[in-house]
Amino acid sequence: MGIQHRNSLRLGLCCLFAAEPVRFRTTTVTSLLRLTKPERLQKLSAICLANANALMEALQFCNHNGIGSFRVNSQILPAKTHPQAGYSISNLPDGSLIEATFRACGQYASENGLRTVFHPDQFVVLNSPREDVVDNSVNELEYQAEVAEWIHADVINIHGGGGYGNKPESLARFSRNLERLSDRARTRLTVENDDRIFAPADLLPLCRSTGVPLVYDVHHHRCLPDEWSIEEATQMAQTTWNREPLFHISSPANGWQGNNRSKHHEYIDVADFPGCWSDLKITVEVEAKAKELAVARLRDELFALNSQVSDN
DNA sequence: AGCGGTCAAGTTGAT
DNA sequence: ATCAACTTGACCGCT
């Protein structure tokens, strides 16, 4: 039982481990397409099974080390939706075992109060004016939603997408395209403020009208501010959630003065952690290159801060 | 066995 | 017009 289960705050690890020997495998489409179809399915089967087992190890590590949430990499089933190399799990030689292993991950997560989350990458753009881009995005979201159901993940988090010179119209397209998602994808979808186009205040109307929760990234908010303070954005974001809110924290690699402030540091500077988050019942995903080491350090530093406060 | 170039996909803005 | 940035590291074919 991890420390944050006793406190209200839950810290989350993103995708990878720095020191712990838990590894997820992947491959490339190019190498897959060089193989015959049976060879290809055999190779994919081995990778997917290895990844299902690695996910179980990852969850066990989190459970034993006070990490309350784990973000699953989009490549957990590599090339799943690729037009040529794509496949369905039931066509893989070890398909049933793969699915059973993922379902066991879900069981383990639920039993131990662990949260799991997906974050599709930059190619998933639900508000693109290009039909083919939206098609691909929907396919990708549906794939991740299937795995999400197996492992009991409750969040599939994406950004608002491009601005295309007209943000309101672009957000309207986002809303419209939501209707193309299945229930299991739609109910898990969340939207996160980014550091270039959509600030929290831009997204709130979308969240209000569609019921899609806002993942508040305070680093992005500092890079792309709006009329809201951090405290205000925190409060607004909380009201969009019908379950435990999910926020993001990171620190700039080269300080707040430099010109590329959006690049992530190895660790979190505890000074960047909003004071108003301390007593909330939320998940905070730690986006830092030092991965589980950064989560551990942040947890210790927050704990030390809180002890000081209560000593006074 | 070790090395380094390459990896499906979108969008923006710096150069 | 090109390219890096975005969770980045891992794979793969060559020697």
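Chain letters run A, B, ... following the sequence lines, proteins first and then strands; every chain starts at 1. All of these numbers come straight from a predicted model, not from anything done at the bench.
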Exercise for the section: Count the heavy atoms of every other residue, nucleotide or ligand shown that sit under 6.0 Å from CD of Glu169(A), and state whether that count exceeds 12. Expected result: no
Handout entry: Closest listed nucleotide, where the reference is the side chain of Val133(A) and the choices are dT7(C), dA8(B), dG10(B)
Key = dG10(B)
Problem - N or O in side chain of Lys289(A) less than 4.0 angstrom from dC6(C) OP1/OP2 - result: no
Exercise for the section: Would you mind telling me which residue lines up with the more 5' stretch of DNA chain C, Cys14(A) or Arg34(A), judged by nearest nucleotide? Expected result: Cys14(A)
Completion exercise
With sequence neighbours left out, the residues meeting side-chain hydrogen bond (donor to acceptor under 3.5 Å, both in side chains) with Tyr267(A) are none
Fill in the blank from the handout: Separation of dT12(B) atom P from Leu224(A) atom CG, nearest Å, is 14 Å
Exercise for the section: Indicate, with a heavy-atom threshold strictly under 4.0 Å, whether Ser137(A) touches base, sugar-phosphate, or nothing. Expected result: nothing
Practice task
For nucleotides dT8(C) and dC12(C), find the distance between their P atoms and express it as a whole number of Å.
Solution key: 22 Å
Practice task
Using the P atoms only, state how far dG10(B) lies from dG9(C), rounded to an integer number of Å.
Solution key: 23 Å
Exercise for the section: Find the distance Lys291(A):NZ to dG9(C):P and express it as a whole number of Å. Expected result: 8 Å
Exercise for the section: Would you mind reading off the distance between Ile158(A) atom CD1 and dG10(B) atom C1', rounded to a whole angstrom? Expected result: 13 Å
Problem - Side-chain heavy atoms of Pro129(A) within contact of Ser170(A), under 4.5 Å - result: no
Fill in the blank from the handout: Rounded to whole Å, the CG-P distance (Leu32(A) to dC12(C)) equals 8 Å
Practice task
Measure from OH on Tyr164(A) to P on dG13(B) and round the result to the nearest Å.
Solution key: 12 Å
Handout entry: Inter-nucleotide P distance (dC7(B), dC3(C)), Å rounded
Key = 14 Å
Exercise for the section: Ignoring hydrogens and angles, tell me if any N or O in the side chain of Tyr87(A) forms a donor-acceptor pair with the backbone of Arg40(A) under 3.5 Å. Expected result: no
Exercise for the section: Return the stacking result for dG10(B) and Phe123(A): yes when the ring centres lie under 5.5 Å apart and the planes under 30°, no otherwise. Expected result: no
Practice task
Could you check whether Ala79(A) gets within reach of a base, just the sugar-phosphate, or nothing at all, counting any heavy atom under 4.0 Å?
Solution key: base
Exercise for the section: Specify the residues of residues 165-179 of chain A, ordered by number, for which at least one heavy atom lies under 4.0 angstrom from an atom of DNA chain B. Expected result: none
Practice task
Using a strict 4.0 Å threshold on nitrogen-to-oxygen distance, state whether Glu287(A) and Arg71(A) make a salt bridge.
Solution key: yes
Problem - Protein-nucleotide distance (Asn73(A), atom CG; dA10(C), atom P), rounded to Å - result: 11 Å
Practice task
Rounded to whole angstrom, note down the C1' distance from dC3(B) over to dT7(C).
Solution key: 26 Å
Exercise for the section: Go ahead and write out DNA chain B as dot-bracket, 5' to 3': ( ) for pairs within the strand, [ ] for ones crossing earlier pairs, | when the partner sits on another strand, dots for unpaired; Watson-Crick or G-U wobble, both distances under 3.5 Å. Expected result: |||||||..||||||
Exercise for the section: Establish whether Val286(A) and Leu305(A) are linked, either directly or via other cluster members, by ILVMFWY side-chain heavy-atom contacts under 4.5 Å. Expected result: yes
Practice task
Any ring pair (Phe, Tyr, Trp, His ring centres under 6.0 Å) involving residues 158-200 of chain A? Give me the pairs, sequence neighbours left out, ordered by first then second residue.
Solution key: His119(A)-His159(A), His159(A)-His220(A)
Handout entry: same_hphob_cluster(Ile76(A), Leu49(A)) at 4.5 Å side-chain heavy-atom cutoff
Key = yes
Exercise for the section: For Gln75(A) and dA8(B), give me the distance from atom CD to atom P, rounded to whole Å. Expected result: 9 Å
Exercise for the section: On the 0 to 90° scale, with breaks at 30° and 60°, tag the Phe247(A)-Trp277(A) ring pair as parallel, tilted or perpendicular. Expected result: tilted
Practice task
Measure from the side-chain heavy atoms of Lys43(A) and tell me the nearest of dA8(B), dC12(C), dT12(B).
Solution key: dC12(C)
Practice task
Tell me whether the OP1 or OP2 atom of dT11(B) has a side-chain N or O from Arg196(A) closer than 4.0 Å.
Solution key: no
Please enumerate all protein N or O atoms sitting under 3.5 Å from an N or O of nucleotides 5-7 of chain B, with distances to 0.1 Å.
none

Problem - Results of salt bridge (charged side-chain N to carboxylate O under 4.0 Å, His left out) for Glu149(A) - residues two or more places apart only - result: Arg184(A)
Exercise for the section: Would you indicate what Gly163(A) reaches in the nucleic acid, counting non-hydrogen atoms under 4.0 angstrom: base, sugar-phosphate, or nothing? Expected result: sugar-phosphate
Practice task
In whole angstrom, give the distance that lies between atom CG of Asp121(A) and atom P of dG9(C).
Solution key: 15 Å
Practice task
Take atom P in dG5(B) and the same atom in dA4(C), then report the distance between them in whole Å.
Solution key: 13 Å
Problem - Short N-O contact, Asp194(A) and Arg196(A), less than 4.0 angstrom - result: no
Handout entry: Glu39(A)/Lys43(A) salt bridge by N-O under 4.0 Å criterion
Key = no
Exercise for the section: Inspect the surroundings of CD in Gln235(A) and state if more than 12 heavy atoms from other residues, nucleotides or ligands are less than 6.0 Å away. Expected result: no
Exercise for the section: Could you tell me whether Glu140(A) contacts a base, only the sugar-phosphate backbone, or nothing, with contacts defined as non-hydrogen atoms closer than 4.0 Å? Expected result: base
